[in-house]
Amino acid sequence: QVQLVESGGGLVQAGGSLRLSCAVSGRGFLFLAMGWFRQAPGKEREFVAANNWRGTSVAYADSVKGRFTISRDSAKTTVYLQMDSLKPEDTAVYFCVADPKYGTGPEWDYWGQGTQVTVSS
């Protein structure tokens, strides 16, 4: 079993920055692809960013490309989402995800509990 615990959400003004963290633990966590999804009120959950366990493949949603950066620490115990130039439309609950397979689709085996990000205009 794999556990994901997010932190770092909060309230920020438009144009500001936040960094989300996701601590990962459990069996086989070193070899998991990691990513982030988000869900805004009244909207479908959507892919934000992901990378494979080696860090050699990275993908971003078009809406965040150039503003958000996904990374992982060298021990692979924490994955980060650096969010810059935030916009009100980035307001959502952000979920950390993990799966043995890397991809951008919605089928991820493990999900965190979510952390709220609110961007004020």
Side-chain angles (χ1 to χ4, degrees):
Q1 189 68 8
V2 171
Q3 293 81 43
L4 304 173
V5 180
E6 302 106 331
S7 60
L11 173 65
V12 64
Q13 287 189 329
S17 298
L18 278 176
R19 188 175 79 159
L20 305 183
S21 300
C22 174
V24 56
S25 60
R27 185 172 182 173
F29 73 93
L30 287 174
F31 305 105
L32 295 175
M34 301 289 297
W36 294 90
F37 278 70
R38 68 185 182 185
Q39 187 167 21
K43 294 190 176 181
E44 299 275 321
R45 192 171 292 182
E46 65 175 356
F47 169 79
V48 176
N51 63 7
N52 64 351
W53 73 272
R54 290 186 178 90
T56 54
S57 295
V58 182
Y60 295 97
D62 287 344
S63 58
V64 307
K65 205 170 290 183
R67 300 188 297 121
F68 290 12
T69 304
I70 187 171
S71 62
R72 200 182 303 195
D73 69 336
S74 58
K76 301 191 187 301
T77 59
T78 306
V79 63
Y80 303 99
L81 185 68
Q82 177 67 40
M83 305 185 294
D84 299 319
S85 302
L86 282 161
K87 304 175 181 179
E89 51 263 44
D90 294 318
T91 295
V93 177
Y94 284 71
F95 298 90
C96 178
V97 296
D99 194 276
K101 300 182 300 298
Y102 167 74
T104 61
E107 296 85 17
W108 291 72
D109 281 352
Y110 305 103
W111 292 74
Q113 81 284 359
T115 186
Q116 177 70 46
V117 171
T118 303
V119 184
S120 63
S121 57

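No experiment lies behind these values; they were computed from the predicted model shown. Note that the numbering runs from 1 along the sequence shown for the chain.
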Assess whether atom CD of Gln113 is packed by more than 12 heavy atoms of other residues, nucleotides or ligands within 6.0 Å.
yes
Run the side-chain contact (heavy atoms from CB on, under 4.5 Å) test against [X] and tell me which residues pass, sequence neighbours left out.
| X | answer |
| --- | --- |
| Asp90 | Arg38, Arg67, Phe68, Leu86, Lys87, Tyr94, Val119 |
| Lys65 | Tyr60, Asp62 |
| Ser71 | Tyr80 |
| Ser121 | Pro88 |

Which residue pairs pass the salt bridge (Lys or Arg N to Asp or Glu O under 4.0 Å) test with at least one member in residues 112-121, sequence neighbours excluded?
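Applying salt bridge (Lys or Arg N to Asp or Glu O under 4.0 Å) to every pair that reaches into residues 112-121, excluding sequence neighbours, yields nothing.
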Sequence neighbours left out, what pairs pass salt bridge (Lys or Arg N to Asp or Glu O under 4.0 Å) with at least one residue falling in residues 101-121?
Asp99-Lys101
Looking at Gly55, is its backbone amide N or carbonyl O close enough to the side chain of Asn51 to form a donor-acceptor pair, meaning the two atoms are under 3.5 Å apart?
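No.
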What disulfide (SG to SG under 2.5 Å) pairs are there with at least one residue in residues 6-121, not counting sequence neighbours?
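Counting only pairs at least two positions apart or across chains, the disulfide (SG to SG under 2.5 Å) contacts touching residues 6-121 are Cys22-Cys96.
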Please list all pairs meeting disulfide (SG to SG under 2.5 Å) that have one or both residues in residues 41-91, counting only residues at least two apart or in different chains.
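Listed once each, the pairs would be none.
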Report all side-chain donor-acceptor pairs from residues 25-32 shorter than 3.5 Å, counting only partners two or more places apart or in another chain.
residue: Ser25; atom: OG; partner: Gln3; partner atom: OE1; Å: 3.3

How does the hydrophobic cluster around Trp111 look, that is, which other residues are in it when side-chain heavy atoms under 4.5 Å mark a link?
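Phe37, Phe47, Val93, Phe95, Val97, Trp108, which link up through side-chain heavy atoms under 4.5 Å apart, make up the rest of the cluster.
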Starting from Tyr102 and following side-chain heavy-atom contacts under 4.5 Å between hydrophobic residues (I, L, V, M, F, W, Y), which residues can be reached?
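Same cluster as Tyr102: nobody, lone residue.
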How far does CZ of Arg72 sit from OG1 of Thr77, to the nearest 0.5 angstrom?
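Between atom CZ of Arg72 and atom OG1 of Thr77 there are 10.0 Å.
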side-chain hydrogen bond (donor to acceptor under 3.5 Å, both in side chains) partners for Thr69, two or more places apart:
none
Between Leu20 and Met83, is any pair of side-chain heavy atoms under 4.5 Å apart?
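Of all side-chain heavy-atom pairs linking Met83 with Leu20, at least one is under 4.5 Å.
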